[in-house]
Amino acid sequence: MARGVAGVLRRAYTSRVRVILSTRKLHSFRETESRFLGNPVSDVPTNRFCSDNPVRIRLPWNDYRFGSYVIGKVRGFSSTVDNNGENDDKEACEGSESDDFDEEGVINELADVDERLMNDSAVAEISEAARALNDRYQDPVGLYRELRESEVRCKLQHTEFDTLHEIFGYFAQSGWGANQALAIYIGKSFFPTAVSKFRDFFIEKCRIEVVEDLVRVGPTDEAIKFLFPMFVEFCIEEFPDDIKRFKSIVDTADLTKPAAWFPFARAMKRKIVYHCGPTNSGKTYNALQRFMEAKNGLYCSPLRLLAMEVFDKVNASGVYCSLLTGQEKKHVPFAKHVSCTVEMVSTDELYEVAVIDEIQMMADFSRGHAWTKALLGLKADEIHLCGDPSVLDIVRKMCADTGDELVEEHYERFKPLVVEAKTLLGELKNVKSGDCVVAFSRREIFEVKMAIEKHTNHRCCVIYGALPPETRRQQANLFNDQDNEYDVLVASDAVGMGLNLNIRRVVFYSLNKYNGDKMVPVGASQVKQIAGRAGRRGSSYPDGLTTTLHLEDLSYLIECLQQPFDEVKKVGLFPFFEQIELFAAKVPDMAFSKLLEHFGTHCKLDGSYFLCRHDHVKKVANMLEKVEGLSLEDRFNFCFAPVNIRNPQAMYHLLRFASTYSNDLPVNVAMGMPKGSAKNDTELLNLESKHQILSTYLWLSNQFEKKNFPFVEKVEAMAADIEQLLGESLCKASWKMESKEEKAKGKKKEDRGYERPASLIKLVNKRKEEFGLKETPNKVVS
Ligand SMILES: Nc1ncnc2c1ncn2[C@@H]1O[C@H](COP(=O)(O)OP(=O)(O)OP(=O)(O)O)[C@@H](O)[C@H]1O
Ligand SMILES: [Mg+2]
């Protein structure tokens with residue numbers, strides 16, 4: 001080893017090396033592990049082994065020298081190093097940080113040696129050394145036993161000692177090692193300590209010839225994989241208490257078999273009917289027909305507004321139906337049917353027919369768990385799912401797991417959606433009666449409304465997320481009613497799901513949206529949902545049109561509408577309170593926000609599920625940390641209250657509600673009521689904000705005992721007053737929008753007429769040129 005092990009290895013890893021290992025040894029390791037833990041092999045968290053997933057390991061020296069990655073495809077513990085060109089594939093390229101490559105450093109070090117040859121020879125050398133190591137010690141567990149029993153202390157040279165330290169240092173930092181160690185319940189935080197204890201043991205006990213062989217392999221993945229089975233045996237003997245403790249934490253965070261959480265639903269033979277198709281194809285209509293025929297039923301909606309629409313329709317057709325949302329319970333006497341928001345689903349009641357609308361929302365990053373829970377847990381003889389085809393495959397898989405019968409019904413749109421190629425040519429004065437102009441921010445919505453009302457004779461209704469559903473409904477009714485002057489709707493994506501409005505044409509004002517961090521193009525499935533509001537069967541405009549304000553956005557719109565539905569591979573899950581409670585018992589004295597984070601890092605999930613994001617919950621949990629005297633369950637409920645975390649006033653009131661509750665005092669809303677409708681945007685925002693606070697109170701009153709929230713009637717009356725004021729304000733709204741800076745400075749913006757924020761979709765411009773979209777005729781897309 002004339003050039004020194006470390007030098008050779010560094011050079012070796014400038015070329016991409018793939019480590020291929022056999023599954024046989026992995027399996028034998030799993031058996032060892034399950035034997036110890038008393039688990040059948042199948043209970044072991046197999047996802048931790050990543051047996052089919054490439055593992056990307058950052059080499060410790062990357063940071064200061066080569067900046068390259070090694071891709072190891074882990075299939076077991078006997079390893080070979082394979083540097084054939086064919087393995088030098090795109091995975092390696094994806095992960096490589098070749099931009100950081102310190103070329104000068106390499107050149108200095110390698111002097112006049114041909115780098116490629118050097119790498120190849122170095123790799124070959126390691127490969128040879130690793131092969132020799134594995135051939136010589138085919139039974140690492142046996143070797144470990146031998147070391148355990150050995151009385152002899154081996155004498156090491158300085159260089160060997162240093163290289164061993166390098167090897168174990170590399171081991172302690174190995175992502176692969178830390179992941180594999182999870183399978184024997186060595187947690188990631190304990191892993192480096194376990195490795196350092198193992199190093200001390202190894203250095204003390206190891207035979208000199210093993211050390212020499214290992215040193216030849218150096219700080220590489222091969223060395224780790226050789227040492228790993230010994231490490232496992234060592235941990236099992238040395239750290240039984242740590243392993244048991246960690247295992248019990250992991251077991252309480254086990255989300256691997258969500259179907260088993262609902263034994264009653266599992267005991268039933270349920271029939272699942274999947275109404276699968278695009279927007280405006282009659283999916284919800286047909287499911288509701290079955291719902292209304294049943295002797296009792298439950299309809300689960302993605303939106304309060306849609307739950308209200310169904311509540312109205314079902315009652316109007318002579319079937320008594322109650323309404324249940326987080327904020328509102330409208331019990332209709334003798335009703336055996338309920339229209340609810342999906343978060344309010346009870347898995348305790350027995351129904352003949354349940355409908356879960358917009359089932360593709362199972363894949364939603366934050367709310368998906370509510371749909372998953374409804375599908376797995378509802379006790380209904382028949383469950384009708386309405387949705388697009390994106391979750392069809394995963395629903396098939398879930399039904400196979402639960403043993404439910406699945407019937408698929410496929411739908412086509414009643415009438416094709418036609419894209420108007422002419423667009424509005426950038427002029428809002430080209431809007432027509434029955435248009436819905438879609439913008440993705442509150443500010444843009446008002447700018448559009450003002451511009452249309454200033455430059456045309458049309459009057460606009462508005463619908464956006466911050467408005468209470470009652471106000472949205474009132475605006476929707478105003479627009480749907482043909483006997484008034486309000487014939488244009490300006491709306492955000494809040495109009496997107498399932499609603500039936502009298503829309504002739506959906507016009508996209510822009511196709512960019514703020515995602516909480518930056519502006520991004522609106523996703524294809526959302527564009528489809530929104531465009532699908534045009535031309536609903538039974539409305540005044542059964543032929544649907546869609547277009548954009550600007551020609552430059554048109555090709556992106558067409559592209560979205562033509563895109564096939566993505567196939568969803570995973571759906572959302574979230575633990576029940578009881579699971580969090582069990583977990584909390586294992587990690588006492590942990591702050592609730594930390595507890596949620598801890599749960600997130602320790603939970604086990606199988607490949608079809610992901611843990612829903614709960615950043616918003618953690619923010620509220622952080623704020624409520626200073627409120628003492630709340631039980632874990634109370635805290636859990638407060639943290640899930642619907643509150644706009646970006647609204648300080650709303651957060652302040654939630655904090656007050658929680659503090660009052662924790663002192664066992666009746667919770668009240670201390671808030672001045674506005675005297676009249678809004679005369680400017682600040683006053684309108686104030687109305688919206690006040691309504692949100694009242695809405696939070698009402699939601700909490702449904703989670704906690706009535707004695708703690710005794711002012712529900714008063715708060716409902718206040719909320720109704722504000723809804724009234726909001727409705728009046730929106731009809732009268734004709735003020736100019738101010739920017740944040742102008743608001744802060746109290747300055748008026750110079751009137752430059754209508755201006756649109758610059759489009760993000762530069763790509764579209766390019767494509768427009770490519771396809772010469774100016775000549776595009778109207779296009780039927782579905
Ligand atoms: N067979 C029918 N007879 C009369 N009206 C119908 C029929 N089927 C659907 N409709 C009406 O067509 C409109 C669209 O139907 P529906 O809401 O069921 O579509 P959808 O496929 O659920 O659309 P989305 O994906 O947007 O929710 C509704 O107003 C509905 O009442
Ligand atoms: Mg529908």
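Atoms within a ligand are numbered from 1 in the order they appear, just like the ligands themselves.
At most 12 heavy atoms of other shown residues, nucleotides or ligands fall within 6.0 angstrom of atom OH in Y320. Within a 6.0 Å radius of CD in Q289, other residues, nucleotides and ligands contribute more than 12 heavy atoms.
When heavy-atom distances to ligand 1 are checked against 4.0 Å, the residues falling inside are P278, T279, N280, S281, G282, K283, T284, Y285, K313, E358, F414, G498, N500, R533, R536, R537, ordered by chain and number.
When side chains are defined from C-beta on, P642 counts as touching Q327, because their heavy atoms get closer than 4.5 Å.
Take the Mg ion (ligand 2) and draw a sphere of radius 2.8 Å; the protein N/O/S atoms inside it number 1.
N512 and S510 form no side-chain donor-acceptor contact under 3.5 Å, judged by distance and modelled atom types alone. Side chain to side chain, D493 and Q526 meet the donor-acceptor criterion of an N or O pair below 3.5 Å.
Note: Y509 OH to S492 OG = 14.0 Å, rounded to the nearest 0.5 Å.
Under the side chain to side chain donor-acceptor pair (under 3.5 Å) criterion, D357 pairs with T284, Y299, not counting sequence neighbours.
Between K432 and D435, no side-chain nitrogen of the basic residue sits less than 4.0 Å from a carboxylate oxygen of the acidic one, so the salt-bridge criterion is not met.
For residues 340-351, every residue pair satisfying the side chain to side chain donor-acceptor pair (under 3.5 Å) rule, not counting sequence neighbours, is listed here: E343-R367.
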